[in-house]
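Atoms within each ligand, like the ligands themselves, are counted from 1 in listed order. Just so it is clear, the model here is predicted, and its values are computed rather than measured.
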Amino acid sequence: MGFLGILVQVTWVAVMLSELAAAAIAFPIAKPHCPDKCGDVEIPYPFGLTNGCSIDRNFLVNCTNSFGPTQPIILGGLTATHFSLEGQANVLAYMAKDCYKQGVLDPDLSIWTSVYLNSGPNFTVSSTQNKFVVVGCDTYAYLNTQQDKGNFSTGCVSVCENTWYIVNGSCSGVGCCQVDIPNGMNYVTLESLSFSNHAKVGAFNPCGYAFISQQTKFNFSIDSLQSLQHQKEMPLVLDWAIGTETCKDVVNKSSYTCGGNSTCIDSDNGSGYRCKCMEGYQGNPYLHLGCQDINECENSNHCKLPGQKCINGLGNFTCSCIKGYHLDVSAGICVTNQSSRLVTLLVGKYTYYILP
Ligand SMILES: *[C@@H]1O[C@H](CO)[C@@H](O)[C@H](O)[C@H]1NC(C)=O
Ligand SMILES: *[C@@H]1O[C@H](CO)[C@@H](O)[C@H](O)[C@H]1NC(C)=O
Ligand SMILES: *[C@@H]1O[C@H](CO)[C@@H](O)[C@H](O)[C@H]1NC(C)=O
Ligand SMILES: *[C@@H]1O[C@H](CO)[C@@H](O)[C@H](O)[C@H]1NC(C)=O
Ligand SMILES: *[C@@H]1O[C@H](CO)[C@@H](O)[C@H](O)[C@H]1NC(C)=O
Ligand SMILES: *[C@@H]1O[C@H](CO)[C@@H](O)[C@H](O)[C@H]1NC(C)=O
Ligand SMILES: *[C@@H]1O[C@H](CO)[C@@H](O)[C@H](O)[C@H]1NC(C)=O
Ligand SMILES: *[C@@H]1O[C@H](CO)[C@@H](O)[C@H](O)[C@H]1NC(C)=O
Ligand SMILES: *[C@@H]1O[C@H](CO)[C@@H](O)[C@H](O)[C@H]1NC(C)=O
Ligand SMILES: *[C@@H]1O[C@H](CO)[C@@H](O)[C@H](O)[C@H]1NC(C)=O
């Protein structure tokens, strides 16, 4: 009984400590003396807002309020909403749409029937996180891609006389169709077209729409047939990587950009590599001194049971026995000197033995 009482008390203290520590963790994401924010968006190196702050001119981000709120524009002209150090960026891209009034293309909107999307040389449209989506009941649309070694196109068709068979939440051919995105695209045009100018379906579907969208961000419903006409942009995910070489080829070259305490990862798709902090370290792996040791003892509940103390190491931590307890080597646990009662656990890197 007395033992349980101590256990509860110690755990309570541990929770409070870990909350304090979590609030204190912050590491620089930009180079020294470089701005690290544009509006609400964090700008981590290799991206940067001014010359010398980004890894090269292609990773320069234009922080502008020319279009209203202050927002970052990447090379190629897309507005970014988030940059991740895991090699992705969230951006907004225009959708293609063809809208009709009494069977005639609406001239105000006809500039949008074909839109192009240029992600620049160092970004590709993520093939795993996006789909090409086409919405409409008198609609066919193309996704045309220009690549160095040849152009290619894909697309889909959606025709329906009414909304009877449309299923909310399902983009499977009635009122909405979608296709997978090919790998490695960075320059595409989207074209939205109609068979008979929405003459028969205009009452519930005045436009056709074609866009690339992050899969989790668009949910088709009957409403979309009308409401998308008021929307200009869609969120999508781009992949980015450094250079065109693999880790093996670049790791000993002067162009290798991963900082200390980090490792190199070959880009999953397309070419190039990414950097990642080694296990037990956190920060921006693209900066020279970006990855710093995580003090596992401060921000977690490691080694918080009675009889234990946590000792932080570089990249790891160790649980050891406090005064009055000693290690039972064969069992790998701490034992009180007073009694032979087994109290707690001890172990090396991220491994525990938990008592039954
Ligand atoms: C940033 O974008 C704005 C708006 O398109 C443009 O006027 C300005 O020249 C750009 N700045 C740079 C440094 O490219
Ligand atoms: C790809 O399309 C572009 C624009 O339509 C054209 O200029 C280019 O020649 C095409 N490339 C090939 C390899 O056909
Ligand atoms: C999409 O909408 C349908 C019905 O409108 C709903 O059942 C479903 O949970 C939604 N899915 C997502 C991912 O929001
Ligand atoms: C489908 O969603 C629309 C709103 O988008 C709603 O008005 C309609 O009732 C829904 N239909 C069904 C069958 O759930
Ligand atoms: C970005 O792409 C350009 C063109 O391929 C290349 O020259 C440059 O090295 C790339 N930048 C980085 C940081 O990978
Ligand atoms: C890089 O250089 C180090 C030290 O010179 C060497 O041990 C290692 O094998 C090299 N790595 C590659 C992939 O060439
Ligand atoms: C590696 O991490 C340690 C511990 O945080 C730090 O002292 C050291 O400066 C780092 N090394 C580099 C090259 O970043
Ligand atoms: C990379 O492409 C392959 C297919 O070529 C796909 O299976 C994989 O999921 C892709 N990974 C990412 C992160 O895009
Ligand atoms: C506890 O026991 C261990 C092993 O018997 C011994 O080395 C250590 O000095 C003892 N500690 C105290 C505080 O008595
Ligand atoms: C922690 O990492 C250091 C440096 O890599 C190593 O010397 C030490 O043995 C490690 N400790 C454990 C418990 O893994």
Side-chain angles (χ1 to χ4, degrees), residues 30-31 34 43-62 73-78 80 83-89 91 118-125 129-131 133 135 146-149 163-178 184-187 213-228 231 234-260 262-276 284-288 290:
K31 278 180 127 178
C34 286
I43 311 292
Y45 187 79
F47 300 95
L49 298 182
T50 54
N51 277 326
C53 286
S54 66
I55 190 167
D56 69 13
R57 295 179 59 81
N58 296 296
F59 280 67
L60 260 179
V61 171
N62 182 350
I73 313 282
I74 60 168
L75 187 79
L78 298 171
F83 293 95
S84 99
L85 287 168
E86 284 79 51
Q88 297 197 311
V91 298
N118 177 5
S119 65
N122 312 81
F123 288 95
T124 57
V125 179
Q129 296 207 38
N130 305 295
K131 293 268 188 195
V133 181
V135 172
Q146 270 172 256
Q147 298 295 124
D148 291 347
K149 300 198 175 73
T163 58
W164 185 257
Y165 291 102
I166 289 177
V167 179
N168 285 346
S170 161
C171 182
S172 51
V174 190
C176 179
C177 60
Q178 61 185 15
M185 298 188 307
N186 51 11
Y187 189 90
S213 173
Q214 186 175 2
Q215 264 169 278
T216 53
K217 293 286 174 70
F218 176 69
N219 195 0
F220 174 70
S221 79
I222 289 178
D223 265 7
S224 314
L225 293 171
Q226 297 262 13
S227 63
L228 284 177
Q231 191 167 340
M234 278 287 174
L236 63 91
V237 181
L238 302 179
D239 292 327
W240 58 268
I242 305 291
T244 51
E245 292 170 294
T246 61
C247 290
K248 195 166 76 60
D249 293 335
V250 81
V251 78
N252 281 342
K253 289 191 182 164
S254 61
S255 60
Y256 181 59
T257 55
C258 299
S262 80
T263 53
C264 182
I265 309 173
D266 286 322
S267 169
D268 297 320
N269 285 309
S271 52
Y273 65 94
R274 297 190 288 114
C275 310
K276 186 178 189 290
N284 184 340
Y286 295 90
L287 293 171
H288 173 52

Among all protein heavy atoms in this structure, tell me which lies nearest to atom 5 (O) of ligand 5, with the distance rounded to 0.1 Å.
P121 CB, 4.0 Å

Judged by non-hydrogen atoms, does P46 sit under 4.0 Å from ligand 5?
no

Without swapping roles, check the side chain of N168 against the backbone of I222 for a donor-acceptor pair under 3.5 Å.
yes

Could you tell me whether atom 11 (N) of ligand 6 has a protein heavy atom closer than 4.0 Å?
yes

Closer than 4.0 Å and a protein heavy atom, does any atom meet both conditions relative to atom 7 (O) of ligand 3?
no

Should N219 be counted as touching ligand 3, given the test is an N or O pair under 3.5 Å?
yes

Near F59, which atoms of ligand 5 are under 4.0 Å from a heavy atom of that residue?
11 (N), 12 (C), 13 (C)

Under the side-chain contact (heavy atoms from CB on, under 4.5 Å) rule, what do I74 and W240 come out as? Steps first, then yes or no, please.
CA-CA 12 Å; I74 60 168; W240 58 268; over 6 Å; no

Assess whether disulfide (SG to SG under 2.5 Å) is satisfied between C247 and C264, documenting all intermediate values.
CA-CA 6 Å; C247 290; C264 182; 2.1 Å; yes

State whether the side chain of N58 and the backbone N or O of L75 hold a donor-acceptor pair below 3.5 Å, judged by distance alone.
no

If you count the atoms of ligand 6 from 1 in the order shown, which ones are under 4.0 Å from a heavy atom of K248?
13 (C)

heavy-atom search around atom 9 (O) of ligand 5 in the protein gives D56 OD2, 3.8 Å

Check whether the side chains of S262 and Y286 place a donor and an acceptor atom closer than 3.5 Å, and report yes or no.
no

If we ignore hydrogens and angles and just use 3.5 Å, is the side chain of N130 paired with the main-chain N or O of V237 as donor and acceptor?
yes

Is N252 close to ligand 6, meaning an N/O of one under 3.5 Å from an N/O of the other?
yes

Can you pull out the closest protein heavy atom to atom 4 (C) of ligand 3? Residue, atom name and distance to 0.1 Å, please.
N168 CB, 3.9 Å

Within the 4.0 Å heavy-atom shell around N122, which atoms of ligand 5 are there?
1 (C), 2 (O), 3 (C), 8 (C), 10 (C), 11 (N), 12 (C), 14 (O)

Looking only at protein heavy atoms, what sits closest to atom 3 (C) of ligand 5 is N58 ND2, 3.6 Å

Mark yes or no for whether Q129, through its side chain, and Q88, through its backbone, hold a donor-acceptor pair below 3.5 Å.
no

Quick check against the 3.5 Å criterion: does S227 have a side-chain atom that pairs as donor or acceptor with the backbone of D223?
yes

Under 3.5 Å, side chain of S119 to main-chain N/O of N186, donor-acceptor pair present?
yes

Which atoms from ligand 5 have a heavy atom of I55 less than 4.0 Å away?
13 (C)

Tell me which one of S255, G243, G120 gets a heavy atom nearest to atom 14 (O) of ligand 5.
G243

